[in-house]
4 protein chains.
Amino acid sequence: MTERGEATRQRLLDAAAAVFSERGYARATTKEIARAAAVSEGTIYRHFADKKELFGAAFIGRNASNAVAITGLPNLAGTKSVRENLQFLMRAIEDIEANVAPLQAAMSSDAELARSLFSEAPQGEGGAPRITPLQPLAAYLAAEQKLGRVRADVDAADAAFALFAIPFTAVTSRRLARAAGLTAEVDMMGALDVVLRGLEPSQA
Amino acid sequence: MTERGEATRQRLLDAAAAVFSERGYARATTKEIARAAAVSEGTIYRHFADKKELFGAAFIGRNASNAVAITGLPNLAGTKSVRENLQFLMRAIEDIEANVAPLQAAMSSDAELARSLFSEAPQGEGGAPRITPLQPLAAYLAAEQKLGRVRADVDAADAAFALFAIPFTAVTSRRLARAAGLTAEVDMMGALDVVLRGLEPSQA
Amino acid sequence: MTERGEATRQRLLDAAAAVFSERGYARATTKEIARAAAVSEGTIYRHFADKKELFGAAFIGRNASNAVAITGLPNLAGTKSVRENLQFLMRAIEDIEANVAPLQAAMSSDAELARSLFSEAPQGEGGAPRITPLQPLAAYLAAEQKLGRVRADVDAADAAFALFAIPFTAVTSRRLARAAGLTAEVDMMGALDVVLRGLEPSQA
Amino acid sequence: MTERGEATRQRLLDAAAAVFSERGYARATTKEIARAAAVSEGTIYRHFADKKELFGAAFIGRNASNAVAITGLPNLAGTKSVRENLQFLMRAIEDIEANVAPLQAAMSSDAELARSLFSEAPQGEGGAPRITPLQPLAAYLAAEQKLGRVRADVDAADAAFALFAIPFTAVTSRRLARAAGLTAEVDMMGALDVVLRGLEPSQA
DNA sequence: GATGAATGAGTATTCATTCAT
DNA sequence: TATGAATGAATACTCATTCAT
């Protein structure tokens, strides 16, 4: 692939991510993506087999860059306070979801698309088609349990889910509200504090 | 409207909800909806002005029947145990979301649709375009706080959000997984127990 | 046919003439005609085989009533002045054309419609599918020639055509202008005077 | 636009004029126009925004080429005989009308179309939505009046109208007759002679 | 590599017509 | 006789995809 070709491809990926997020998969037209990437429509097909593949490539790209962002997080265990760390994690998850959610939404409401995407895509060894913040989060909590900064008698996976649900729900609610032209005020941190109270080791 | 007409209309609403859930708004074709309702395509337009209105009607219908299901829930306060009640609520919310979420997803990836739907629809006095289980949930918690069965020093709204996030996230995750042809095992009740621990009044 | 049926039929004919004139044949919908006649759509088909037949019936009706209006006109010969009579005739033709023209226009731009209409309709003995003011006009002029009030050396048919063309063109121009949202000022009487000058017997 | 594109566009314009003339605006289908132009239906929309625009372009095209044909005519004044010139003009107008009239008829029976067409189209400075042979005809007559070859005491505009009405009515009558599967014999030249007699300067 | 013209299958919607009541 | 629900063929228009240049 020449340098020029590579650049065009990248421009197409960016344009595609933007347009798919804005319009959803079905309403996004190749024409609009081409225009956003400042190339002709035909050019898309030199780089991607079809629209579906273009979507997949854009989605994977986003997902991958997010994976990098989270993986390192368990190492936070023991530093600062648990509360500070979780607040940080919450914001991180919020960012990630805000990034991936629109593409995910586009997929979730189109069963065929999702199926064909995952059946063709090279899946990771765990078979996880999508990098989820759940595992790193559970790992972090488990680490803190070892350090005695989180109650030992809670299931780390359950707690991770309760925590993850907060930014996930916040992001999704906001998306829905925005789509309807409204604004949804969500106090993620207040909800976090409620959960935190259940994680604190007893002050005996 | 004759009895026959009324029946047809209802069949169309059910078919529409099913197809929109499965395919999303854009990919759902009037042809398929008609076939699912066992009527001709033209019949759709005797009952609804256009596809958008059909979607809106299906959505409102689902939403309304859910509203009924939730409204009474705050009265549970004081009965049984808090844990049992919340488990019950969690399942109820799960059902509701499983019902509405697909339609909401269909909408969320189509900003224009959502906007036109909410701008035209006669909004309730609260202006809430969608009945959310959040308020009844918060009301229930506040009632339990008065009874001393829930810690008084947590914000009922924050706690409600933390709780609501659990079934909401569970449902959505499952949808995504199913769309991809996978299965997501989610332990809602485990996560609930974590949050519950933060709500119990101190055992002084 | 019952009295009620007859009344309904007449209401349909009037409504049809109005709607066909306003919208043209193709854009006129049976739905709109039914509404204008304050009957249900299905009722149309109890009285007419199809839309085409309804159009034909409405058209024939108009045409027939016009025929009555013109037939007597040749008897004017010898009364008043030729100029006054022709001015009167001109206005009469104008009214007639204004009446029939819209229906004719609807037909003229739809070859199939016209053909099927005339091939099926019971044609007059002269085979003339449409009563034209040309013959009565020529008859009137011939009569005046006999009386010496119109030059004998012009062909009555040619003169009739030249005269008929004036109100015909005036009406049509106005229709076109009105369709375009403009107004066309046409001085029919001025044009008539020009032609008249060619008809006056030489003042030797 | 590439050369190939330009050729396709022209083919579409010709096909459109033909089909619109034959069927009228509403009954002319994009499918038939495409077939007549030997292109696919989609191609129409690469060249024209919609059916209305295609019609407008076809109409304007015809109109414009006619404008060229007429503009020079007033210069005939003084050459040959008035009679010969008017016979020539009559045939010219006949041709022009035969060209434009069908499209005009297609429009006149569709008020909405006409209005939207003229309200959007860039109108000439005179605001005239259609080039009419009336003005050049009046100009020619006025010139002949100056030369003493036409009576000075007739209004040139009135005379122009009387003359114009002849070929206009002839063309329209023929169209109606043809639509009905009949033939209308019209002697334009006879009618012209009648009018001419009113224009000749007195042989004093 | 890139363009833009062309394609044709597919979509929502309309409307004359039929039919059960 | 009249109604209005239902039909289904037809229509304008869209859009992912192909292809000649």
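Chain naming here is simple, since letters A, B, ... match the order of the sequence lines and numbering starts at 1 in each.
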Worksheet item: Rounded to the nearest Å, what distance is computed from the CZ atom of residue C/R35 to the P atom of nucleotide E/dC15?
Response: 11 Å
Worksheet item: How long is the line joining CD1 of B/I44 and P of E/dT11, in whole Å?
Response: 13 Å
Worksheet item: Short question: side chain of B/S21, backbone of B/A17 - any donor-acceptor pair under 3.5 Å?
Response: yes
Discussion item. Assess the residue pair C/Y25 and C/V19 against the criterion (side chain to side chain contact (heavy atoms under 4.5 Å, CB included)); give the C-alpha distance rounded to whole Å, side-chain angles, the decisive distance to 0.1 Å, and a yes or no.
Written reply: CA-CA 9 Å; C/Y25 180 78; C/V19 176; over 6 Å; no
Worksheet item: Could you give the CG-to-C1' distance, from D/L54 to F/dA12, as a whole number of Å?
Response: 12 Å
Practice prompt. Find which nucleotide of DNA chain F each of B/V39 and D/K51 is nearest to by heavy atoms, and output the residue with the more 5' nucleotide.
Written response: B/V39
Worksheet item: Within the structure shown, what part of the strands sits under 4.0 Å from A/A28 by heavy-atom distance: base, sugar-phosphate, or nothing?
Response: sugar-phosphate
Item to complete: Could you check how far CD1 of C/I33 sits from P of E/dC15, rounded to whole Å?
Response: 12 Å
Response to the item:
Stems in DNA chain E, runs of 3 or more consecutive Watson-Crick or G-U wobble pairs with both distances under 3.5 Å, sorted by first number, are E:2-21 with F:2-21
Worksheet, complete the sentence: C/Y45 OH to F/dT3 C1', in whole Å, measures 15 Å
Worksheet item: Just checking B/R46: base, sugar-phosphate only, or nothing, at a heavy-atom cut-off of under 4.0 Å?
Response: base
Discussion item. Could you check whether any side-chain N or O of D/K51 sits under 3.5 Å from a backbone N or O of D/A28, counting only pairs where one atom can act as donor and the other as acceptor?
Written reply: yes
Discussion item. Both D/E41 and B/S40 contact DNA chain F. Which one's nearest nucleotide lies toward the 5' end?
Written reply: B/S40
Worksheet item: Should D/T8 be listed as having a side-chain N or O under 4.0 Å from OP1 or OP2 of E/dA5?
Response: no
Practice prompt. With DNA chain E as reference, determine whether C/K31 or A/G42 sits nearer its 5' end, using the nearest nucleotide of each.
Written response: A/G42
Worksheet item: If you find the nucleotide of DNA chain E closest to C/A26 and the one closest to B/T29, which residue's nucleotide is nearer the 5' end?
Response: B/T29
Item to complete: May I have the distance from C/E6 (atom CD) to F/dA2 (atom P), rounded to whole angstrom?
Response: 11 Å
Worksheet item: Between E/dA20 atom P and B/E3 atom CD, what is the distance in whole Å?
Response: 18 Å
Discussion item. Tell me the interatomic distance from C/R27, atom CZ, to E/dT13, atom C1', rounded to whole angstroms.
Written reply: 15 Å
Response to the item:
So CG of D/D14 and CD1 of D/I33: to nearest 0.5 Å the spacing works out to 12.0 Å
Practice prompt. Assign B/T30 to base, sugar-phosphate, or nothing according to its heavy-atom contacts below 4.0 angstrom with the strands shown.
Written response: base
Worksheet item: Is the closest side-chain heavy-atom distance between C/F48 and C/L13 below 4.5 Å?
Response: yes
Worksheet entry | Non-hydrogen side-chain atoms of C/R9 and C/L12 separated by less than 4.5 Å | no
Discussion item. Looking at D/H47, I'd like to know whether one of its side-chain N or O atoms comes within less than 4.0 Å of OP1 or OP2 on E/dA5.
Written reply: no
Item to complete: Give one of base, sugar-phosphate or nothing for B/T2, where a contact means two heavy atoms less than 4.0 Å apart.
Response: sugar-phosphate
Practice prompt. Determine yes or no for a side-chain-to-main-chain donor-acceptor pair under 3.5 angstrom, with B/T8 supplying the side chain and B/R4 the backbone.
Written response: yes
Discussion item. The criterion is salt bridge (Lys or Arg N to Asp or Glu O under 4.0 Å); which residues satisfy it with B/R62, sequence neighbours excluded?
Written reply: none
